[in-house]
Amino acid sequence: MFPENASSSPLLHNLNPEQRAAVTLPAEHALILAGAGSGKTRVLTTRIAWLLQTGQVTPGGILAVTFTNKAAKEMLTRLSAMLPLNVRGMWMGTFHGLCNRMLRAHHRSVNLPATFQILDTQDQLSAIKRLCKQFNVDEERFPPKQLQYFISGCKEEGQRPGDVPARDEDTRKKVELYQLYEDQCQREGVVDFGELMLRSYELLRDQDAIREHYRRRFRHVLVDEFQDTNRLQYAWLKMIVGLPGEGGGAIMAVGDDDQSIYAFRGARVGNMADFVREYQVRHQIKLEQNYRSYGHILDSANALIGHNTARLGKNLRTTQGAGEPVRVFEAASDFEEAQWLVDEVRQLVRNDGFARHEIAVLYRSNAQSRVIETALVNAGIPYRVYGGLRFFERAEIKHALAYLRLIENPRDDTSFLRVVNFPPRGIGARTIEQLQDLARESGCALVDAVSAVPGKAGANLGAFIAKIDVLREQTQGRTLREIIELVLEHSGLIEHYRADREGADRIENLEELVNAGESFVMQEGFGRDAVALPLDEQAPAALGQSPASQGLDLDAPVLDAPLAPDQETGETLSPLAAFLTHAALEAGDNQAQAGQDAVQLMTVHASKGLEFDAVFITGLEEGLFPHENSASDRDGLEEERRLMYVAITRARKRLYLSHAQTRMLHGQTRYNLRSRFFDELPEGALKWITPKRSASASTGAAPWGSSGAMPWEAAPRRNPTPQPAWGRSSLSAPDFGAGPVPERKSEPEHGLRVGMAVFHNKFGEGKVLAIEGAGADARAQVQFTRHGTKWLALSVAKLTPV
DNA sequence: GCACCCGCAGTTTTT
DNA sequence: CTGCGGGTGC
């Protein structure tokens, strides 16, 4: 089936049978179900290396697509470690990076300027706000955020304004605004993220020659995290390879339906089943051998995910031993949970030899990090929070980029408005409104309407565009570094921030921008980002606008053509334009101060794809995890469960689960029941380490978290604390130090829990959505079948469980 | 044109 | 309880 020399290739050493089977599959469509920690990236990269090594394909025949730049980089790094590699001809990157590359190469065919710039989510929103103002849209009725969601949603479904079914008046209005937004972007020469995908898709759909070119070229299309693809991305892939029998390449889709956690942003797990059906996939390989976690951890993951229906079906297994049990802790409050966590982290580092950066603290929502951060700060434990503002999203950086973009394209109104009066130069809202009116009347860009503004206001505006013009001239023929330095100097940004008491950080970031430009240039001659290549120098070589372009032999020089200038554009992207593209497509590191050995804090979502020696999953409470907004329907709950599955499978050696009985949320104390997920884990793999509390013990009352059902629980639950871990000194006398354990004078007596069906004398039947407060203050949010959702004070309203 | 104050909302996120 | 955005007042 494959060349003999290849079957013994060193590439295949140390692969398990399933991995090896996946790597050496024939050139046909295949689905690889890759469980967590099963060596997915390894299979993907080895597959590519193997295809190349056995001469089945040249680098130019490979298209490998991922979701994040990080994943793309990782793949490239590992691949180059396996093979000496000419990465230039290979298309490896994110969906958006590759679409960008394609659109740059064919910018004329898709009616875009060669230097089109990319709007990130923030830019898109401000563009929409601007549009709404201009057309006097009632922003109460049509919040810009919602319009943005609507437009992005349409694009992800592959719908242009004309394709959107507009049943009601509201939708018609939104579609109209969608159209106006499109016109505006087109006029300004900018595209948003959705547009990158959609326009690239349409290019392939509508331009036969171009589509056939790519179809013949890409013999092997490899897709990472396939379960996260949205409708448009799958359609795009289908365009690139065609349906079976249409002469296109083979798709190897790698994914894990159990790790599908992005439905909320359009991901369609269903693409996996569709793919199998539409491509008559014969080769489905399950990678179930897990190389990451010990047995108890995997048992927990398997048992939990087993509660989901409609799975493709997988069970992780390990050859490592059972390992330690999963430790479960019940805290009286979020505060106590954090204290406990700090103590435990100390133990891990001091006694058990865990590196701090090998310890992760996971939570469902960002708001939960605060208490934990406070406790860590007080304890002097270094930590890092993932997922704040990224480098290129910071305001000062966006300001600097706006100047740079205006140099490149003065018609970029979004950038124009961002900095026309920043730093302040006496151009006020009135003037800008006037300018916008003038521009709209004559249908031109803001910059072109400046000369029509009279008086002092006009002079100020004139000075602004003169400044930009001067910068543009000065930067001619300069290196990227010099360009950025010039902009920082002449824009007045640095000066402005120097006057600001809290501007020091911002100045530092601006100076960092110079470095970012420098290293961008270093990386690839000038801005040829190896991952998300902004400019394709190869493929379109055969697709030029030469007289014979329609009849060109698209096959001949393409696959390994020598690097040639883009014949369609006849020009190369300037370093500046390339850098701006890079800034939009790769927003930069998502983590705070890297480098030092710090505990890692992040949401469960952010943890996907990572692994740690020790993992804490905190806030395992009904309403939080599973989140209240998701727990009401089955799909939502199943996604929450997959999220929990992702969280569990991050851990290598040790896993902690914790929940708190009370938690401050939105400035109020909430009483949360422990997560139902606890009931879905195998008892034998767990160990409750919650210590007995002296307060409750001395009164003789059943201690929280001790044996027996909670007093307010309708159905008896499994014993949450079979054997408190008295033996361990660290646990027997918990030092909850800094504050008193919150008093619990009034334990809930209402007997209600979230999800419970209840009856009210006036409102009839309903379902409890949330419970808040305690004793006389206790309130419940109930969704009534006939009377909507209401908050009821439990001391007043009579609710009876049904 | 800017500063301050009030009011309101408040999962998850990459490109 | 926070942070952000809009609106008002100087």
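Numbers restart at 1 for each chain; the letters A, B, ... are given by sequence-line order, proteins then strands.
- One can place OH of A:Tyr262 at 8 Å from C1' of B:dT12, the figure rounded to the nearest angstrom.
- For A:Arg370, taking side-chain heavy atoms from C-beta onward, the closest of the listed nucleotides C:dG3, B:dT14, B:dC2 is C:dG3.
- Distance CG (A:Leu637) to P (B:dT11): 19 Å, rounded to an integer number of Å.
- Residue-level contact check: A:Ile427 touches the backbone only, with heavy atoms under 4.0 Å from sugar-phosphate atoms and none from bases.
- Residue A:Asn69 places no side-chain N or O under 4.0 Å from the OP1 or OP2 atom of B:dT14.
- Put simply, NZ on A:Lys73 is 14 Å from C1' on B:dT15, counting in whole angstrom units.
- Nearest-nucleotide positions on DNA chain B place A:Arg364 closer to the 5' end than the other of A:Ala584 and A:Arg364.
- Nearest to the side-chain atoms of A:Ala606 among the listed nucleotides B:dG10, B:dT13, B:dT12 stands B:dT13.
- Across all strands shown, A:Phe95 has no heavy atoms under 4.0 Å from either base or sugar-phosphate atoms.
- Under 4.0 angstrom from either OP1 or OP2 of B:dT12 there lies at least one side-chain N or O belonging to A:Asn366.
- Considering only side-chain atoms of A:Phe193, the nucleotide from B:dT15, B:dT11, B:dT13 that sits closest is B:dT15.
- Between A:Glu586 atom CD and B:dT15 atom P there is a gap of 7 Å when expressed in whole angstrom units.
- Residues A:Asp192 and A:Tyr181 bring a donor and an acceptor atom of their side chains to less than 3.5 Å of each other.
- Both stacking criteria are satisfied for A:His627 over the base of B:dT11: a centre-to-centre distance under 5.5 angstrom and an angle between ring planes under 30 degrees.
- For the residue pair A:Tyr386 / A:Gln600, a side-chain donor-acceptor distance below 3.5 Å is found, with atom types taken as modelled.
- Contacts of A:Gln124 with the nucleic acid, taken as non-hydrogen atoms under 4.0 Å apart, are absent.
- Going from atom CG of A:Asp334 over to atom P of C:dC1 covers 14 Å, rounded to whole Å.
- Between the side chain of A:Thr121 and the base of B:dT15 there is at least one donor-acceptor pair of N/O atoms closer than 3.5 Å.
- For the side chain to side chain donor-acceptor pair (under 3.5 Å) criterion with A:Ser658, the lone passing option out of A:Arg674, A:Glu337, A:Glu621, A:Glu336 is A:Glu337.
- Contact annotation: A:Ser630 does not reach the phosphate of B:dT11 (side-chain N/O to OP1 or OP2, under 4.0 Å).
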Note to self: One pair to check against side-chain contact (heavy atoms from CB on, under 4.5 Å): A:Leu601 and A:Glu373. What are the steps and the verdict?
What the structure shows: CA-CA 9 Å; A:Leu601 269 61; A:Glu373 286 187 68; 3.7 Å; yes
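- Note on A:Arg390: a side-chain N or O is less than 4.0 Å away from OP1 or OP2 of B:dT15.
- Residue A:Asn230 places no side-chain N or O under 4.0 Å from the OP1 or OP2 atom of B:dT14.
- Using a 4.0 Å heavy-atom distance criterion, A:Asp192 is classed as making no nucleic acid contact.
- Under the stacking definition used here (centres under 5.5 Å, planes under 30°), the residue A:Phe67 fails to qualify as stacked on the base of B:dT15.
- The interatomic distance linking A:Leu585 (CG) with B:dT15 (C1') rounds to 7 Å, in whole Å.
- With hydrogens and angles disregarded, a donor-acceptor distance shorter than 3.5 Å links the side chain of A:Arg642 to the backbone of A:Ser260.
- A:Gly426 comes within contact range of the sugar-phosphate backbone alone, with a heavy-atom separation under 4.0 Å but no base atom that close.
- In this structure, CG of A:Leu362 is placed 16 Å from C1' of B:dT11, rounded to the nearest angstrom.
- In the set B:dT11, B:dT15, B:dT13, the nucleotide with an atom closest to the side chain of A:Ser365 is B:dT11.
- Note that A:Arg104 lies in the cation-pi zone of A:Phe116, set by a 6.0 Å cut-off to the ring centre and a 45° limit from the axis.
- Atom CD in A:Glu628 sits roughly 9 Å away from atom P in B:dT11 (whole-Å rounding).
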